[in-house]
Number of protein chains: 2
Amino acid sequence: MAVLLGPLADRDAWSAIGECPIEKTMAVAGTKSAMLIMREAYYGTTRFDDFARRVGITKAATSARLSELVSAGMLQKRPYQEPGQRVRDEYVLTDAGRDFMPVVWAMFEWGRNHLPNNTRLRLTHLDCGADASVEIRCEKGHSVPPDELGVRVVRRSRPEGQ
Amino acid sequence: MAVLLGPLADRDAWSAIGECPIEKTMAVAGTKSAMLIMREAYYGTTRFDDFARRVGITKAATSARLSELVSAGMLQKRPYQEPGQRVRDEYVLTDAGRDFMPVVWAMFEWGRNHLPNNTRLRLTHLDCGADASVEIRCEKGHSVPPDELGVRVVRRSRPEGQ
DNA sequence: CAGTATCCATAAAGATACTG
DNA sequence: CAGTATCTTTATGGATACTG
């Protein structure tokens, strides 16, 4: 891949541009259980015990991971109350959590294409019935192949209209 | 997200469909250092010491991760020889490794959008100059929003399957 | 430059028991 | 159902020294 950024000579070079976002994302949600909890959230799971059972991890791990994902802004606690029960919290996706979907489903797609025994699963666009996948695209609508992708550093970062 | 697969009642349900590809992908390349080594590979790095220095990990970790990524089929050893030096191996991307790019760049995009201090970085389509991003699309060309994505299980072609 | 070997610290996660 | 509290094992990775 040709890059505008270029391979950085060493890790210190990243500090000049605010650290590597990949590394920071991995620090926040880069564990196996965190990814699977996000998978469950996309499947519609919201309750503590459901996360623990469906992901297949202990309650201790579930507790730790849910707290971290809430801190990271990917999940949000929402109070609910079953009749005759005390008020509890469930864990629902935030916009930032939904924005994380390409990460999880890109792993899904890579695994089913490159690891054994997953040929039966497909991502699907429910509205039209066609199979879906995760791809890299530019704003002009081109599909971007590996050798045409680059990273650039913009001069100054500020939100539009400021 | 509405799903055809639906939230699986427990983790054992995955075994009926060959285990979860997300989980298997995380098992194979789901560490922070593995992701950063793949980042470096996309930037064009191929040499052992360059991986270690640019990722910022020890040689021991570099050695372990490179071996795992070769076993996973994402990198490939290729012999080379500098004049006057012995033959060594460098680590180059395979097709499967290039197919992993959406995972890494989706993390890049999520991090720069949702974590502080990364607003200066942009993915770019080098051929046309437009900014790029990672998105979920169906074969008919629709961009697939979170609530329109599903997972389906295709029927076994093999009669022995069930 | 490209590793291997050793020892040590921390993080992730399982097992189990307990609480309201 | 929704957690917390221990205790233990394994995974990850740093520090350092050594090799061809």
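Letters A, B, ... mirror the listed sequences (proteins, then strands); counts begin at 1.
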Enquirer: List the residues meeting salt bridge (charged side-chain N to carboxylate O under 4.0 Å, His left out) with B:R53, not counting sequence neighbours, and say none if there are none.
Expert: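 For B:R53 the salt bridge (charged side-chain N to carboxylate O under 4.0 Å, His left out) partners, ignoring immediate neighbours, are B:D50.
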Enquirer: I need the full list of ring-ring contact (aromatic ring centres under 6.0 Å, His included) pairs touching residues 55-102 of chain B, with sequence neighbours left out, sorted by first then second residue.
Expert: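 As it turns out, the ring-ring contact (aromatic ring centres under 6.0 Å, His included) pairs with a partner in residues 55-102 of chain B, which skip direct neighbours, are A:W110-B:F100.
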Enquirer: Quick one: list whatever passes salt bridge (charged side-chain N to carboxylate O under 4.0 Å, His left out) with B:D131, sequence neighbours left out.
Expert: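 Partners of B:D131 under the salt bridge (charged side-chain N to carboxylate O under 4.0 Å, His left out) test: A:R152, B:R122.
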Enquirer: Using heavy atoms and a sub-4.0 Å distance, could you list which residues of residues 63-84 of chain A are near DNA chain C? By number, please.
Expert: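 Close to the strand are A:R65.
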Enquirer: Using a heavy-atom cut-off of 4.0 Å across all strands, would you classify B:F51 as base, sugar-phosphate, or nothing?
Expert: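 B:F51: no heavy atom of the nucleic acid under 4.0 Å.
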Enquirer: Looking across every strand, which nucleic acid part, if any, lies under 4.0 Å from A:G30 by heavy atom: base, sugar-phosphate, or nothing?
Expert: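 Result for A:G30 = nothing.
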Enquirer: Write out all pairs satisfying ring-ring contact (aromatic ring centres under 6.0 Å, His included) with one or both partners inside residues 44-79 of chain B, taking only residues at least two apart or from two chains.
Expert: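 Checked against ring-ring contact (aromatic ring centres under 6.0 Å, His included) - neighbours excluded - no pair reaches residues 44-79 of chain B.
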Enquirer: Would you check if B:I37 and B:L75 make a side-chain contact, meaning some heavy-atom pair closer than 4.5 Å?
Expert: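 A side-chain contact exists here, since the closest heavy-atom pair is under 4.5 Å.
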Enquirer: Describe the nucleic acid contact of A:T58 in one word from base, sugar-phosphate, nothing, applying a heavy-atom distance below 4.0 Å.
Expert: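 Here A:T58 touches the bases of the nucleic acid.
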Enquirer: What's B:T62 touching, base or sugar-phosphate or nothing? Going by heavy atoms closer than 4.0 Å.
Expert: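 If one applies the 4.0 Å heavy-atom cut-off, B:T62 turns out to touch nothing in the nucleic acid.
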Enquirer: Considering residues at least two apart in sequence or located in another chain, which fulfil the salt bridge (charged side-chain N to carboxylate O under 4.0 Å, His left out) criterion with B:E139?
Expert: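 Partners of B:E139 by the salt bridge (charged side-chain N to carboxylate O under 4.0 Å, His left out) criterion come out as none, since no residue qualifies.
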Enquirer: Please list, in 5' to 3' order, the outermost nucleotides of DNA chain C lying under 4.0 Å from any heavy atom of chain A.
Expert: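 First-to-last contact on DNA chain C, by the 4.0 Å heavy-atom rule, is C:dA12 to C:dG20.
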Enquirer: Stem finding on DNA chain D, please: runs of three or more consecutive Watson-Crick or G-U wobble pairs, both distances under 3.5 Å, sorted by first number.
Expert: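 When the pairs of DNA chain D are grouped into runs of at least three, the stems are C:1-20 with D:1-20.
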Enquirer: Can you measure B:I57 atom CD1 to D:dA11 atom P for me and round it to whole angstrom units?
Expert: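 Nearest whole value for this atom pair: 18 Å.
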Enquirer: Going by salt bridge (charged side-chain N to carboxylate O under 4.0 Å, His left out), name the residues that satisfy it together with A:E19, two or more places apart in sequence or in a different chain.
Expert: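 Result, salt bridge (charged side-chain N to carboxylate O under 4.0 Å, His left out) vs A:E19: none returned.
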Enquirer: Got a sec, which residues hit side chain to side chain contact (heavy atoms under 4.5 Å, CB included) with B:P116, two or more places apart in sequence or on another chain?
Expert: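 Scan of B:P116 (side chain to side chain contact (heavy atoms under 4.5 Å, CB included), adjacent residues dropped) gives none.
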Enquirer: Provide the full list of ring-ring contact (aromatic ring centres under 6.0 Å, His included) pairs with a residue in residues 120-148 of chain A, sequence neighbours left out, each pair given once.
Expert: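 For residues 120-148 of chain A: A:H125-B:H142, A:H142-B:H125.
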Enquirer: Return each pair, listed once, that meets side-chain hydrogen bond (donor to acceptor under 3.5 Å, both in side chains) where at least one residue sits in residues 56-66 of chain B; pairs must be two or more places apart or across chains.
Expert: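 side-chain hydrogen bond (donor to acceptor under 3.5 Å, both in side chains) check on residues 56-66 of chain B returns B:S33-B:R65, B:R65-B:E68.
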